[in-house]
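Single-structure report; data block below.
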Amino acid sequence: MTNTSSIVVFSLSGFSDTVNHRVTLFSLTLLCYSLILLVNVSLILTIILDRNLHEPMYIFLCNLCINGLYGTAGFYPKFVFDLLSDIHVISYVGCFLQVYVIYTYATIDFSILALMAYDRYVAICRPLEYRSVMSVRRTAVLVCLSWLAPLLCQVMVVTLTSTLKLCGSTIQKLYCENWSIVKIACSTTRANDIVGLIVVAFYCGHVLFIVYSYVRLVKSALKSREGRRKFMQTCVPHLLCLLNVTAALLFDVMYSRYGSASVSQSVKNFMAIQFLMMPPILNPVIYGLILTKIRFRMITLCMMARQRFKL
């Protein structure tokens, strides 16, 4: 039996299928990460620089983009380096740090999406109370909780996993993932399973809350033309982002636990990085295209930048 203290590095076996296409994959990955940085930073700066966008909905959207940058920073720099390297390893500490960053990124996404659903519910179903309910102070508290709860929650998950005795050091993925580490444990993983179920149940509660909010929203929106207009303008992009994040995460989680060994490594790799690729690109693009205020402000800023460049 190998104790955790004797493991210095983990091997990432997911890269075995990338050797023959490393230059192409490196170029595509670099392009993808550059696009993620561009669209997210653009939206963050647009919201910060325009006082008219300092409203709860846009503050939550800004945090969603910041979280996208945070999560992808835990994956892409190491992934790009590994694509051009002949040795695909990660240190013991680095592995658990990557697990923490990626897992907190995923759970913070759901927390912020739940806040956005609550914000739209109050705005459409209780419009006269909106200013008092979504005050600056309450918005700040909700944003802090949407970050702190997942950060503290994942400390517990990672700490439990770090105490396991491991029988190997090979992770069958492109990055470190909690379930992949638990699978190579020699000691009992009952505590990890229980805590994992509690965390999953907690975030399933987020999903149920979002669904409940939208059931109420749809009922309220159908009562008036103004309600339908508000719903189409501000709720549709949120629903698209929610579907985007949920589908990408389910893709990875379900395959990690129940995937077939007969599936090729290329397909496994593609499924594993969906939630680190699609949501960070599509979320800001969806909001930037559909929300009138943001679209108008971004076009204005681009025109101003173009004029200054010409001068």
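Treat the numbers as computed from the prediction; the structure is a model and nothing was measured.
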Can you see which heavy atom on [X] is nearest to which on [Y], and at what distance?
X      : Y      : value
Tyr118 : Val133 : OH-CG1, 3.4 Å
Val143 : Leu115 : N-CD1, 4.1 Å
Leu217 : Ala117 : CD1-O, 4.4 Å
Ala191 : Leu160 : O-CD1, 4.0 Å
Met57  : Met116 : O-CE, 4.5 Å
Tyr105 : Tyr70  : N-CE2, 4.0 Å

In Å and rounded to the nearest 0.5 Å, what is the [atom1] to [atom2] distance from [X] to [Y]?
X      : Y      : atom1 : atom2 : answer
Tyr58  : Ile48  : OH    : CD1   : 15.5 Å
Arg216 : Cys125 : CZ    : SG    : 6.0 Å
Leu64  : Leu43  : CG    : CG    : 9.0 Å
Met277 : Thr29  : CE    : OG1   : 9.0 Å
Ile286 : Leu61  : CD1   : CG    : 11.0 Å
Arg120 : Ser213 : CZ    : OG    : 11.5 Å

Do [X] and [Y] sit in one hydrophobic cluster, given that two such residues count as connected whenever their side-chain heavy atoms are within less than 4.5 Å of each other, even indirectly?
X      : Y      : value
Leu148 : Tyr100 : no
Phe110 : Val155 : yes
Phe209 : Val211 : yes
Met156 : Val99  : yes
Leu37  : Leu35  : yes

More than 12 heavy atoms of other residues, nucleotides or ligands under 6.0 Å from CZ of Arg131: is that the case? no
With no hydrogens and no angle check, is any side-chain donor or acceptor of [X] less than 3.5 Å from a backbone partner on [Y]?
X      : Y      : value
Ser187 : Leu164 : no
Ser91  : Gly94  : yes
Gln98  : Gly74  : yes
Ser162 : Thr159 : yes
Ser111 : Thr107 : yes
Gln154 : Val157 : no
His54  : Ile47  : yes
Ser85  : Ile87  : yes

Can you sort out the partners of Phe79 under ring pair (Phe, Tyr, Trp, His ring centres under 6.0 Å), two or more places apart, ordered by chain and number? Phe15, Phe75
For Val200 and Cys204, what are the C-alpha separation, side-chain angles and deciding distance, and is it a side chain to side chain contact (heavy atoms under 4.5 Å, CB included)? CA-CA 6 Å; Val200 169; Cys204 281; 4.0 Å; yes
Flag side-chain contact, heavy atom, 4.5 Å: [X] against [Y]:
X      : Y      : answer
Glu177 : Ile102 : no
Cys32  : Ile36  : yes
Leu174 : Ile273 : yes
Asn178 : Tyr103 : yes
Ser13  : Ile171 : no
Met134 : Leu142 : yes
Asn63  : Trp147 : yes
Ser146 : Ile112 : yes

Under the ring pair (Phe, Tyr, Trp, His ring centres under 6.0 Å) definition, can you give me all pairs with a residue in residues 20-52, not counting sequence neighbours? Tyr33-Tyr76
With sequence neighbours left out, write down each residue that passes side-chain contact (heavy atoms from CB on, under 4.5 Å) with Val9, or none if nothing qualifies. Val89
Less than 4.0 Å between a side-chain N and a carboxylate O, is that true for Arg22 and Asp82? no
Could you go through the side chain to side chain contact (heavy atoms under 4.5 Å, CB included) check for Cys153 and Val199 one step at a time? CA-CA 8 Å; Cys153 187; Val199 172; 3.5 Å; yes
Could you pull out all residues at least two apart from Cys65 that satisfy disulfide bond (SG atoms under 2.5 Å apart)? none
May I have all residue pairs that pass disulfide bond (SG atoms under 2.5 Å apart) and include part of residues 78-115, sequence neighbours excluded? Cys95-Cys176
What residues join Ile198 in its hydrophobic cluster, counting side-chain heavy atom gaps under 4.5 Å, either direct or through other members? Ile194
Among side-chain atoms of Asp119 and Tyr130, is any donor-acceptor pair under 3.5 angstrom? yes
Identify the residue among Thr104, Asp109, Asn40 that makes a side-chain hydrogen bond (donor to acceptor under 3.5 Å, both in side chains) with Asn67. Asp109
